[in-house]
Amino acid sequence: MFRLTPVRSGALGLLAALGLYAAFSAEYFGLEILTEIAILSMLVIALDMVAGFGGMVSLCHGALLGIGAYAYAGLTTMTGADPFLALLGAVVLTGIAGFLVGAVCAGSQGIYFIMVTLAFGQMAYAFFFESAAFGGDDGIAGVPRLDLSGLGVDLGDSRSFVLFCMILLALVTLFAAHILRSGLGRTLVGLKTNEQRMRALGVRSWRAKAYTFGISGMIAGLAGVLAAQHTMYISPGLLNWTVSGEALVVVILGGLGTLVGPLVGATAFVLIKHEVSALTPYWHLVTGVILIAVVMSGANGIFGFFEAQLERLRNRSKPAVEGKLKQGSVHDA
Amino acid sequence: MDIGFWVFQTLNALQLSMLLFLLSVGLTVIFGLMHFVNLAHGALYAFGAYVAATVAGGLGYWPGFLLAPVLVAAIGLLLYAGLIRRMRKSGPMAQVLVTFGLIFALLDLTRIIWGDLAFGMELPAVLSGRVTIGSVEYPTYRLFIIALGAGVFGALALILGRTQIGAMIRAGVDNDAMASCLGINVERLFFVVFCIGCALAGLAGAIAAPILSVTPDMGLQILIPTLIVVVIGGLGSLKGAITGSLIYGFVQTFGAVLVPNLASVLIYALLAVVLVMRPAGLFPAKG
Amino acid sequence: MLEVKGLDKHFGAIHVTRNVSMKLERGERRVILGPNGAGKTTFFNQIVGEVAPDKGQIWLDGEEVTQLAVPDRALKGLSRSYQKNTLFDILTVGENLGIAASIHTHAARSPLRDPLRDRAVREIVAEVAHQVHLEPYLDAPVTDVSYGVRRQLEVGVALATRPKVILMDEPTSGIGPEMAHSFHRMLNELPRDLTLLIIEHDMDLAFDVADSITVLNYGEVVFDGTPEAARGSDLLKEIYLGSWEDA
């Protein structure tokens, strides 16, 4: 269950302010990076919902993003659908895909869950890679952006597009927080804590898992639609399992099961990637070492670390313990 | 499609199966015994291929073939002492992440040491010809791979089934707490098994080097097939590893020639079906 | 209300439940006694569906439930508590009750509403908190309350799904005899139409609540009768002497 503590609302406010400042002050290259951060953030929020709050460590979220991107690109370029309808269609379709994966995988635990989701993700990857209709290896080019000229906004402009992405990200974050405090969200956390007891109380566990996976899929699909609009070109590489693996890395880097952490993680990850790859071609080495260090340190990512430190400070000044925020270290998963 | 076609493709399937077997058997026994998922297993295989190709370039094929498993086992030793021993009590997610980090790091390390260009590897004269089987001419080296895989399978079956250490490993897979109560030094057993698993990954790299191009991402490419084999077969069992390897090898090979458009989707669909019907794989070490 | 017919279960060579039958009327309070390893918990696990029996049938309120999955039996009014606390430690006492209550009202399925603000859920929470004496602790995190309070909550969570039948697996395990007696007084104050099947380790404690007593030994029913008959039974003394003395 998600608790919107003062620390978390503060962090969200700070991130929003920083994002807005960057969106209005950055030049072209900065705006590209900011867009990348916003889209990755949306994907990892989807992942944190299932992995952090539901204990379902998914290695198919890259594929869900890719399905969203392909659905949008396919609908717009092949059937000539209105981009707005295509966006809705892509989100619904990815939601259904997520629901099905969740329903099938609900019975698997631990490493098996990871493996089955990996298999489904790679299945989608192989499908698009070999499908002549979707351009196979070459992908689809000429994907249009939404037409918001009715509102006086030209999404072809980088600054407008990044603001558009950030507004959607803010909505998605609030939506996810709301879901996690709903009956479904609380049931999900109950299942993660003790599935046996929840079942004995009358929870059909596959149902809660499948619905959450479906909602998470919709968010990942929306991220995919934005990714397709951003680069206006898509290829099967979007669905590769390494994308899912990187998303998992971002969630861990930021702080699993905090919803705010993944946003911090996405920002840090994209910045590290661009900063380090400007210095050396071996940015994977740096990322790998950072990842190992974060996991081995036992801290719950960057945000989880700060949260724990602040909590400790607060408890020192005020000896009465007011609940423990320790939730979902990766070592329990 | 005459009989020759079937013989030829069957041999191809067997050769792919045996290569995957060498990789998956290490991964699966390490998992069965230690409950540890080493995603970096594929990176060790790539490392073995590079070592073999480099040594072979200077000293000839056989020194490379022999040195690769030894050096890769040495790396396994370092990994075990530095990382894996500390990660044993962690959940699968932490293990997946740490070894995912290792994949990143090892990938770039191979690029730093050997560069981005593909390496080739010469075959020794004795293995470079072709053998005629009925109406089919088949490369000797690929038959060598099949024989080697079968030999390793036989040896492992013998060791696991008939020897003291094999009995200890089986006891450990079945119940490690019980095994250590019986006076088995489980920690040392883990260590030995981990190193042997790594050595087999190195061996797989060395035999794959002459037929596949040696590139930094070869470990990533083989990882998914290996995981599929292990999961189809069931984690922790030799029987599962060989069955999974054969299933993958045959489905992939015959799929590619008979239904080329569906080949890769086919194997993932098969995996999904197996996992839905039997969530723990076909022959899991524990029921 | 709850009827078990000829329940049989093997684990390998071990016969954990041997042709066990029993019938509970509405509102009956039956205590299951038996030494350690008598198969009491496995018997419970079969009734709620966590373990599938080899043979036999389970009927709940006139309906056969033998083939139903665990959650489906729970939704039909079968609830249980565990010998070891199975609470949600990251939540407060009140939230633990709220989660269970919201499963009963189906508010737990809503992806939009917060069930803990639901009026029906809050009413159940207030009522259960009163029944199991948890009112002072509702806002305390589970990790901050004493072991005895957690035992009360363990039963409270089972009550919050508004069941017809509750199976309680040693509700007083780990708390001293004095507290155990008052725990049983608390159980006696529960609505009389609630059917209870209680595993008790200690024979003395059983007499506090039991309308009837069943004794299991090596998975077999060796006694079925009133508390008075149990008190006088020589067979029981023989079976029970060892663990009775220990307890």
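In this structure, no portion of Val48(C) lies under 4.5 Å from any heavy atom of chain A. Interface remark: Val121(C) contributes no atoms to any contact with chain A (heavy atom separation under 4.5 Å). Neither the backbone nor the side chain of Ala160(C) comes within less than 4.5 Å of any heavy atom in chain A.
At a heavy-atom separation below 4.5 angstrom, chain A is approached by Ile99(C), Ala100(C), Ile103(C) within residues 98-106 of chain C.
The residue among Thr212(A), Asn194(A), Leu188(A) with the most heavy atom pairs within less than 4.5 Å of chain C is Asn194(A). For the set Ala208(A), Gly190(A), Ala200(A), Gly202(A), the count of heavy-atom pairs under 4.5 angstrom toward chain C peaks at Gly202(A).
Counting non-hydrogen atoms of neighbouring residues, nucleotides and ligands closer than 6.0 angstrom, the OH atom of Tyr112(A) exceeds 12 such neighbours. For His10(C), the NE2 atom sits in a packed shell: over 12 heavy atoms of surrounding residues, nucleotides or ligands are nearer than 6.0 Å. Counting non-hydrogen atoms of neighbouring residues, nucleotides and ligands closer than 6.0 angstrom, the CZ atom of Arg207(A) exceeds 12 such neighbours. Around NZ of Lys76(C), the count of heavy atoms belonging to other residues, nucleotides or ligands within 6.0 Å does not exceed 12. Counting heavy atoms of neighbouring residues, nucleotides and ligands inside a 6.0 Å radius, atom CG of Asp139(C) does not exceed 12 of them.
Atom CZ of Arg113(C) is separated from atom NE2 of His178(A) by 10.0 Å, given to the nearest 0.5 angstrom.
In this structure, Ser182(A) contributes its side chain and Ser110(C) its backbone to a donor-acceptor pair below 3.5 Å.
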Inset, instruction - Before giving the answer on side chain to side chain contact (heavy atoms under 4.5 Å, CB included), spell out for Arg204(A) and Asp72(C) the whole-Å C-alpha distance, their side-chain angles and the decisive distance to 0.1 Å. - result: CA-CA 8 Å; Arg204(A) 296 189 179 102; Asp72(C) 297 320; 2.6 Å; yes
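The shortest side-chain heavy-atom distance between Asp114(C) and Arg186(A) falls under the 4.5 Å cut-off. Two residues are said to be in side-chain contact when any heavy atoms from C-beta on lie closer than 4.5 Å; Val157(C) and Leu201(A) meet this criterion. Contact of the Glu50(C) side chain with the Arg199(A) side chain is not registered, since no non-hydrogen atoms from C-beta on lie closer than 4.5 Å. Contact check for Phe88(C) versus Arg197(A): side-chain heavy atoms found under the 4.5 Å cut-off. The shortest distance between side-chain heavy atoms of Val189(A) and Ile90(C) falls below 4.5 Å.
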